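Keep in mind it's a predicted model, so treat the numbers as computed, not measured. To find a chain, count down the sequence lines: A is the first, B the second, and so on, and within it residues start at 1.
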Number of protein chains: 4
Amino acid sequence: MTHLIDINCDMGESYGAYIIGNDEKIMPLVSSTNIACGFHGGDPVVMEQTIRLALAHGVRIGAHPGYPDLAGFGRRRITMKSAELKAAVKYQVSALSGMARSLGGKVEYVKPHGALYNTSSEDENECRVVAEAIVEIDPNLHFMGLANSLMQGIAKEHGLNFIAEGFADRRYEPNGQLMSRAKPGAVIMEADVAMEQVLQMVLKGTVTTSDGTELPLRPDSICIHGDNPSAEHILQSLKSEFKAHKITMGR
Amino acid sequence: MTHLIDINCDMGESYGAYIIGNDEKIMPLVSSTNIACGFHGGDPVVMEQTIRLALAHGVRIGAHPGYPDLAGFGRRRITMKSAELKAAVKYQVSALSGMARSLGGKVEYVKPHGALYNTSSEDENECRVVAEAIVEIDPNLHFMGLANSLMQGIAKEHGLNFIAEGFADRRYEPNGQLMSRAKPGAVIMEADVAMEQVLQMVLKGTVTTSDGTELPLRPDSICIHGDNPSAEHILQSLKSEFKAHKITMGR
Amino acid sequence: MTHLIDINCDMGESYGAYIIGNDEKIMPLVSSTNIACGFHGGDPVVMEQTIRLALAHGVRIGAHPGYPDLAGFGRRRITMKSAELKAAVKYQVSALSGMARSLGGKVEYVKPHGALYNTSSEDENECRVVAEAIVEIDPNLHFMGLANSLMQGIAKEHGLNFIAEGFADRRYEPNGQLMSRAKPGAVIMEADVAMEQVLQMVLKGTVTTSDGTELPLRPDSICIHGDNPSAEHILQSLKSEFKAHKITMGR
Amino acid sequence: MTHLIDINCDMGESYGAYIIGNDEKIMPLVSSTNIACGFHGGDPVVMEQTIRLALAHGVRIGAHPGYPDLAGFGRRRITMKSAELKAAVKYQVSALSGMARSLGGKVEYVKPHGALYNTSSEDENECRVVAEAIVEIDPNLHFMGLANSLMQGIAKEHGLNFIAEGFADRRYEPNGQLMSRAKPGAVIMEADVAMEQVLQMVLKGTVTTSDGTELPLRPDSICIHGDNPSAEHILQSLKSEFKAHKITMGR
């Protein structure tokens, strides 16, 4: 028996002279890439480069819209009105989609970024707005979001395929939520610990939370954060472990 | 014998709490609308509202990309690298196109805004970059630009249909260029003077420049600036004059 | 016996080509002006113009810092970290102060804008951060905030003089808070109703809330919103009523 | 005989999650620091951190204002009107000055950044606007600019002390201008070549340009670019060479 697991990574978050992540090194090691759309990171040149890189490596392209907050890298909640948020998500996904199409590619899914991701995983209204935005742009887009969260139900309600996501390099709270980045230990830096967490999700369908509880978690895709300085190392380690455990990266 | 002339107007330039123009009043009076794409003006909510308004009135939708300069309303030149400018135009056109499609509409042409318009009408390189951006997004898009300028030739070179534009409310220099907004008298405020200029273009195929010279000018479309406080009045006057002269607005 | 009351108005909120308010008409009618500092509105040119206008009319200058959110006009909460918010307030107040000094003027107080005002009037932490920012810039600056709110206590804690503010054109909730702008009736448009509210505050030291309750409210300063289309009319009416009731505008 | 030379470096150019430069390592190795003011780089938190770092190491603080162009890192010219540019410079210098004062420090000079530096060194009008802005904020501020350029004369005209600057890591054109960053070889990456250039300026008062010509150049201060990946290495090398040649860093 073999396992199939998608690996996704946030990319295209550089902005002008400002570089974040190591996209050239990371792209060959993942099967899906969430590309920033210019609001929390990314600029039009970076977006094009990242699309090209994804196409060169046969990596699935997702849009990664966020709150309009470059200064906060999309990690601060902004209390936008529903109409504002919906239009902002549509704008970002449209911009990336058009650029991808112009380069022979295609946006296949949407994954909210940062604070928008967190809010959407906890607040039904915010999540519904994101889902509506996706449906209005293209009902064939998939919605990538937090496994075991309210996102899944809302995606289905809107007729969207849901890609349940687990995290390699983030610690989980006992309630299944991601531990806030504000807390120490929220981001897993050690490649072997991250790898263990991934293997447990793929092989056992569970995750061990911050207090030692083992929760069911069977993701369709696993996220490695591109701005984690250990990202490349974690991905390289995963590659050989996957071989050893007959796990295939992809979908 | 009847004449057919397209009337276009820049719209969707409001931004958040900041209102520019009077789009609800103007939209029923034009046949084409150039919608700002968020860089020099416009925000995602405004873009959606303007698209809806255009669809409600059967008005042709054009994208109106500009330099990334909200503070300068896109009226200041920024010396962007070609790759930056091309990607910026593609981003803006894509964003508007996707939003238009989601509302059942379609972007049919691209008209550069403000300083980008001026630069493109004078600088071959800048114009070529805009043309390439349009072709890459969709070679069926038309390129709207200054009649009798280098824009026309460059559009054709790139296989794009060109919409030659004349201005109702801007004065022309003897060389056929638009008089710079920095000069007094550059913007025509009197509805009857603007109307005369339009009728002369449509019926005689000429324009009288700032020094009294009469130059040939046979535009496909005539621009009224939505932020001209007399815009509505000019358009209302045109409507009745058009009737008197058997001129039909449209294309 | 005569009464003395300060009248303040938010000004300098225009941005580039985008005009908000009617500062030239309003300035002669108030005794204090809260000048936007470029984050929620205002740009450096507008700031200078507004400072000059205030100096020409002998109007007291206050800094009006907000969240960094031009698109939302500072009316959306952003969950900034304390260090981010404190530095952002210091930056804005410093920018305005330096420009005022260069023109022979002086910033005398700080009034938070929009969502930052609301949050500071309800959330002790947010308010403390604002107070700390003010103290660090200049402990002689006064803190203008909502009368009868926690702002007053926190200002005193930090050794800052507090200017208790009442609103002419906003409805009060029975708990003494301002009614949210999201609710109908929150903004008073009728000049006579606004004027009654002001006179009641000045002469009786009370306000009648949305459910008819009469609460004590004895403000040091009364705010008229410059973006209220009736602002000029309200202020003109106040002027003659003040004369009739022997109320002097000023401090 | 000993030589005294100031070493300056652009710092505080990080922005939110985006890190540029290595300020903690560089600060102890320089005698002056040009701190970005939020328009081309820098944010209020970064500005405070950089001021604190400068104070901790006894480094002289300069304001480093640029065009409002975070996306272009201030390296693209924007054709701002004089009033816009003057107000923008005043805003930036004021913001940094107020924050420096609040931390017990003081801005002592102004050095324009990037495209604004280049334009000011070639275009009298642009330079005059910068000089006027500085005078209006504080006539005791010094103006740091390109040695042997028109900046010096214009600074004197305005009664400003001029700090003539040479570059360690930039190649000079035969006409004494800096080679544009767009040209290959414009930035010197090799520490020993940069060091040679510095020693020649300090000891001989000359620089060897791209075509081998030796031009007189006797700077008051020498700039090392903080975003040059070799910056730390160049500065460490200079330190030991300075000792060997009895050159003291400072002013």
Tell me, side chain or backbone of Leu96(D) under 4.5 Å from chain C's heavy atoms, or both, or neither?
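Contact with chain C: none, neither part.
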What are the two closest heavy atoms between [X] and [Y], and how far apart are they?
| X | Y | result |
| --- | --- | --- |
| Ser102(D) | Glu136(C) | CB-O, 3.0 Å |
| Glu84(D) | Val45(C) | CA-CG2, 3.5 Å |
| Tyr91(C) | Gly38(D) | OH-CA, 4.0 Å |

Ranking Ala88(D), Gly98(D), Ala87(D) by heavy-atom pairs under 4.5 Å to chain C gives rank one to Ala87(D)
In terms of heavy-atom contacts, does [atom1] of [X] have more than 12 from other residues, nucleotides or ligands at under 6.0 Å?
| X | atom1 | value |
| --- | --- | --- |
| Glu24(D) | CD | no |
| Glu122(D) | CD | yes |
| His57(C) | NE2 | yes |

NZ on Lys86(D) to CD on Glu48(C), rounded to 0.5 Å:
6.5 Å
Can you tell me how far OG of Ser94(C) sits from CE of Met47(D), rounded to the nearest 0.5 angstrom?
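So the CE of Met47(D) and the OG of Ser94(C) are separated by 8.0 Å.
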